[in-house]
Each structure stands twice: as structure tokens, then as C-alpha cells.
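Here's the structure, in C-alpha cells; my notes come after.
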Amino acid sequence: MKFLVGMVVGWIYGMIYHNEFGQSSPKPAEAAAPPPAGPPPVDDEEFTVETRDPPPAHFISKIESFSLLTTYKIKKYETREFVAGDHKWKLIIHPEGIKDNNYVSVHLAMTETSSLPANWEVNVIFTIFLLNQISDKYMCFRGKLRRFNQLKSTWGFSKLITKKKLRDESNGYIVDDSCVFGAEVFVVKSERVMECVSLLKVYPQKRQLKIPDLSGTGACKTSEEFSSGDYKWRVLLYPNGNENEKGQSVSIYLECVSAKSFGPHQKLKAEYCMRLKGKNDATCSTEKFSSWFTSSTLACGTHALTRIDKLHDANKGFIVDDCCIVEAEISVQAVV
């Protein structure tokens with residue numbers, strides 16, 4: 001007899017710990033009924049519940065003869081479309097639930113997504129409303145910030161409210177077999193800045209270049225353009241020096257020709273060195289540089305490669321027929 005009484009008390013205690021929105025306590029509960037046949041489950045979202053006086057700002061749907069949805073075995077009702085945040089939406093209501101038929105499920109779906117650009121996404125904070133027609137206040141079910149995209153254009157609540165709680169007319173959610181749902185959808189405008197950094201594993205590439213007409217007019221002598229790492233380059237040589245080394249040293253720079261068409265935030269990092277090639281294996285080389293090239297920084301190098309008199313030293317043989325040979329060694333390391 002004591003054993004029987006204990007079982008009854010335990011059952012009553014478990015029933016007390018089941019709140020009005022179907023959130024069960026840790027107490028043991030009866031096994032849930034199997035979910036009904038229908039569309040595949042949609043992920044649940046945690047939500048907060050509160051009441052307020054003002055109606056939803058974006059959409060209201062009044063369903064009359066709500067019980068006939070079940071009578072006619074209408075497992076899903078999709079509302080008309082509405083606009084919020086420059087996008088179109090609709091509510092999807094499952095009067096018999098989609099994961100547990102003890103609950104009513106309501107989800108927000110984004111519509112007309114086919115016209116959006118590839119890899120689109122819309123970040124949204126939304127609220128589902130249920131009118132208490134006795135108090136004339138709205139029960140608000142607000143979720144977290146959610147991302148709608150090509151992979152997932154529907155978010156919502158599979159366990160919005162228990163059917164028992166909804167259908168009890170003393171609670172005011174259904175009056176004269178009519179109920180009122182609503183929605184507010186606030187799109188979070190993205191001001192995100194993105195970049196992609198591509199680090200490249202490449203071997204240095206060498207090119208020998210002829211720079212002609214060293215005695216001609218113009219301070220800067222240029223090589224022909226050449227390719228390295230899928231980008232265009234050329235060498236700039238100042239036989240009589242540049243900047244503060246004019247008249248004293250030979251200046252030499254590597255110019256990324258491709259960087260002229262770079263966007264404002266696009267840049268390229270390269271490791272490089274340049275050397276003058278003379279006779280009898282004579283060379284005059286820069287140190288190894290590592291520089292970022294952008295649309296505003298096209299060329300990098302050194303103002304002082306060697307003394308001007310060394311360039312004209314006949315024993316070195318750097319100048320032959322008013323031309324010199326420059327070897328450029330480049331390794332493109334990163335692209336942003």
C-alpha cells in the first residue's frame with residue numbers, strides 16, 4: 001500500500017514541475033509521442049518570453065476556426081508574404097508540431113531568395129507574437145540573432161507553446177476558435193570588412209633584363225616588363241642616382257606593374273634582390289628585400305646600389321654598348 005501511495009505522489013510531483021510553455025523540469029516524464037509524418041524537422045532556437053501591449057510592427061495573421069486545421073488534417077499553414085528590412089518573409093505554422101505533437105510550431109521563412117546574389121546572407125533578430133485576447137496583450141517569443149542564407153532560410157520554434165496551453169480558452173489565446181499570430185523582423189545591417197590573405201609557397205624566379213640607352217635623356221631607365229608569380233614587373237634604374245643619392249650612387253628599384261590596377265585594399269608581398277651583371281663574373285647586388293606593393297607603393301628598392309664611378313669602371317664591364325644587364329630574383333609570398 002505504501003508503495004502504491006509513493007507512486008501516485010511521485011506522479012503528481014512530476015506534473016507540477018511542467019510549466020505553461022512546455023519546458024519540463026528534470027523530473028521523470030512520460031515518453032513523448034512519436035513526431036507526426038510531415039516535413040523534415042527544423043532546428044530549434046532558444047527564446048525568451050515576455051508580454052507587451054503594442055502589436056507586432058510587421059505582420060499579423062488571424063486564424064478563424066483554428067480547430068479545423070486539425071480536423072482537416074492541415075499539418076502546415078504558410079501565411080501571406082510581408083516585407084521587413086527590404087526582404088520578404090512568411091510565417092509557417094504547424095498546429096500539430098513538427099518534432100513533438102504536444103506542441104505548436106511556428107517558424108519564420110525568407111522568401112524570394114533566388115534573386116539574391118551568390119553567397120548571400122541576412123542576419124536577423126525576430127519575434128513571434130501570440131495575442132492574449134482576454135488581456136489584449138501580446139505574448140512575445142524572441143530568439144537569438146540568426147543568419148539566413150542559401151543553406152538555411154528558415155528559423156523558428158518547434159516547441160513554441162503546448163497545444164493544451166494554447167487551446168485552453170481561459171488563457172485567452174484562442175477565443176471563439178480564433179487565434180492571432182504575428183511577427184517582427186529586424187535585419188542587422190552588415191558593415192563587416194573582409195579580406196583574404198593568400199600565403200604562397202613558391203620558389204624564387206630569376207630574370208636577366210637588358211636596360212638600354214644609359215646615356216640618353218631622362219633620369220630613370222627601365223627594363224622591359226616580365227612576369228613572375230602571375231604578376232608583371234620591371235626594373236627601374238637611375239644611373240646618376242635618385243633622391244638624396246643623386247650624383248653619388250646608382251639607384252635601383254623593382255616596380256610591380258600589376259599593382260597599378262590594384263584596389264585600395266589590395267596588396268602583394270614579395271621578397272627580392274637585384275644585381276648588376278658585368279664581365280668576368282663581376283656583380284653588384286642589393287641586399288634581399290621584403291616589401292609590400294600597393295597601388296600607391298608601386299616600386300621599392302635602394303637609393304644606393306653602388307657608386308656611380310664603379311658603374312662606369314671599364315674593368316667591371318657593367319656597361320657595354322650603352323646598356324647594362326640586371327638580374328632580378330623575385331619570390332611572391334603573399335597576396336591580399
Side-chain angles (χ1 to χ4, degrees), residues 17-26 29 32 35 38-61 63 76-113 116-132 137-163 165-166 171 173 179-194:
Y17 276 79
H18 193 278
N19 70 24
E20 63 179 6
F21 296 108
Q23 305 299 318
S24 300
S25 72
V42 180
D43 290 344
D44 282 334
E45 175 184 301
E46 295 179 10
F47 57 86
T48 58
V49 182
E50 62 184 22
T51 59
R52 82 177 200 192
D53 292 326
H58 297 129
F59 182 69
I60 292 177
S61 176
I63 303 177
K76 178 177 70 173
Y77 170 66
E78 298 185 8
T79 70
R80 60 169 290 179
E81 294 178 343
F82 62 95
V83 176
D86 299 326
H87 298 284
K88 289 188 176 182
W89 312 86
K90 65 181 176 182
L91 291 183
I92 302 176
I93 301 169
H94 293 83
E96 299 297 318
I98 61 172
K99 286 188 175 181
D100 188 331
N101 60 11
N102 292 311
Y103 295 85
V104 173
S105 304
V106 181
H107 292 83
L108 176 71
M110 192 173 178
T111 65
E112 296 190 13
T113 60
L116 295 176
N119 301 319
W120 65 269
E121 68 173 43
V122 179
N123 296 309
V124 168
I125 298 175
F126 66 92
T127 304
I128 304 299
F129 290 76
L130 184 59
L131 176 62
N132 185 322
K137 295 180 182 292
Y138 285 89
M139 188 68 68
C140 309
F141 304 84
R142 181 174 297 108
K144 297 178 179 179
L145 177 67
R146 288 298 181 181
R147 180 175 63 175
F148 289 73
N149 55 29
Q150 286 178 310
L151 297 178
K152 190 168 181 61
S153 60
T154 301
W155 285 98
F157 315 120
S158 294
K159 296 182 177 181
L160 184 80
I161 188 172
T162 62
K163 291 192 298 186
K165 181 69 179 177
L166 178 69
N171 293 323
Y173 302 121
C179 64
V180 178
F181 290 93
E184 279 185 351
V185 182
F186 294 101
V187 174
V188 179
K189 298 294 184 182
S190 176
E191 297 181 357
R192 177 174 57 246
V193 175
M194 296 182 65

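Note that the numbering runs from 1 along the sequence shown for the chain. Hydrogens, waters and symmetry mates play no part in the numbers below; they use all other heavy atoms, side chains included.
- With contacts defined as side-chain heavy-atom distances shorter than 4.5 Å, the pair R80/F59 qualifies.
- Here the straight-line distance linking atom CD of E50 with atom NZ of K137 works out to 12.0 Å at 0.5 Å rounding.
- Scanning both residues, T111 and E81, for their nearest heavy atoms gives OG1-OE2, 3.2 Å.
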(message) As a quick check of understanding, evaluate side chain to side chain contact (heavy atoms under 4.5 Å, CB included) for Y173 and I161, giving each step before the final call.
(response) CA-CA 11 Å; Y173 302 121; I161 188 172; 4.1 Å; yes
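- Contact of the W120 side chain with the H87 side chain is not registered, since no non-hydrogen atoms from C-beta on lie closer than 4.5 Å.
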(request) Test side chain to side chain contact (heavy atoms under 4.5 Å, CB included) on I98 and H107 and set out the steps. (result) CA-CA 11 Å; I98 61 172; H107 292 83; 3.6 Å; yes
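- Here the CG atom belonging to N102 is positioned 15.5 Å from the NZ atom belonging to K165, to the nearest 0.5 angstrom.
- Atoms CG and OG1, on L91 and T154 in that order, are 11.0 Å from each other to the nearest 0.5 Å.
- At least one side-chain heavy atom of I93 sits less than 4.5 Å from a side-chain heavy atom of I63.
- The shortest distance between side-chain heavy atoms of Y77 and F181 does not fall below 4.5 Å.
- In this pair, F157 and F141 present their aromatic rings tilted. The plane angle is within the 30 to 60° band.
- When all heavy atoms of N132 and N171 are compared, the closest pair comes out as ND2-O, 3.0 Å.
- Between F186 and H58, the gap from one ring centroid to the other is short of 6.0 Å.
- Residues V106 and L130 fail the side-chain proximity criterion, which asks for heavy atoms closer than 4.5 Å.
- Contact between S105 and S158 at its shortest, heavy atoms only, is OG-O, 2.6 Å.
- Using modelled atom types, no side-chain atom of N123 and backbone atom of V188 make a donor-acceptor pair closer than 3.5 Å.
- Nearest heavy-atom pair, A57 versus E184, reported as atom, atom and distance to 0.1 Å: N-OE2, 3.0 Å.
- Minimum heavy-atom separation, Y103 to K159: CD2-CB, 3.6 Å.
- Between the side chain of W89 and the backbone N or O of V185 there is no donor-acceptor pair closer than 3.5 Å.
- Proximity of a side-chain donor or acceptor of K163 to a complementary backbone N or O of N101 within less than 3.5 Å is detected.
- Taking every heavy atom of both residues into account, P54 and R52 meet most closely at O-NE, 2.9 Å.
- Between T113 and Q150, the closest side-chain pair of non-hydrogen atoms is not below 4.5 Å.
- Side-chain contact between Y138 and P55: present, with at least one pair of heavy atoms (C-beta onward) separated by less than 4.5 Å.
- Residues E78 and K76 are paired through a salt bridge, judged by an N-O separation under 4.0 Å between the basic side chain and the carboxylate.
- By the 4.5 Å heavy-atom criterion applied to side chains, V187 and D86 are not counted as neighbours.
- Between the side chain of T127 and the backbone N or O of C140, no donor-acceptor pair lies under 3.5 Å.
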(request) Just do the side chain to side chain contact (heavy atoms under 4.5 Å, CB included) check on L108 and F148 with the steps written out, would you? (result) CA-CA 10 Å; L108 176 71; F148 289 73; 4.0 Å; yes
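- With hydrogens and angles disregarded, no donor-acceptor distance shorter than 3.5 Å links the side chain of N149 to the backbone of N119.
- If you look at F47 and F126, their ring centroids are not closer than 6.0 Å.
- Atom-to-atom distance recorded for M139:CE and L131:CG is 10.5 Å, nearest 0.5 angstrom.
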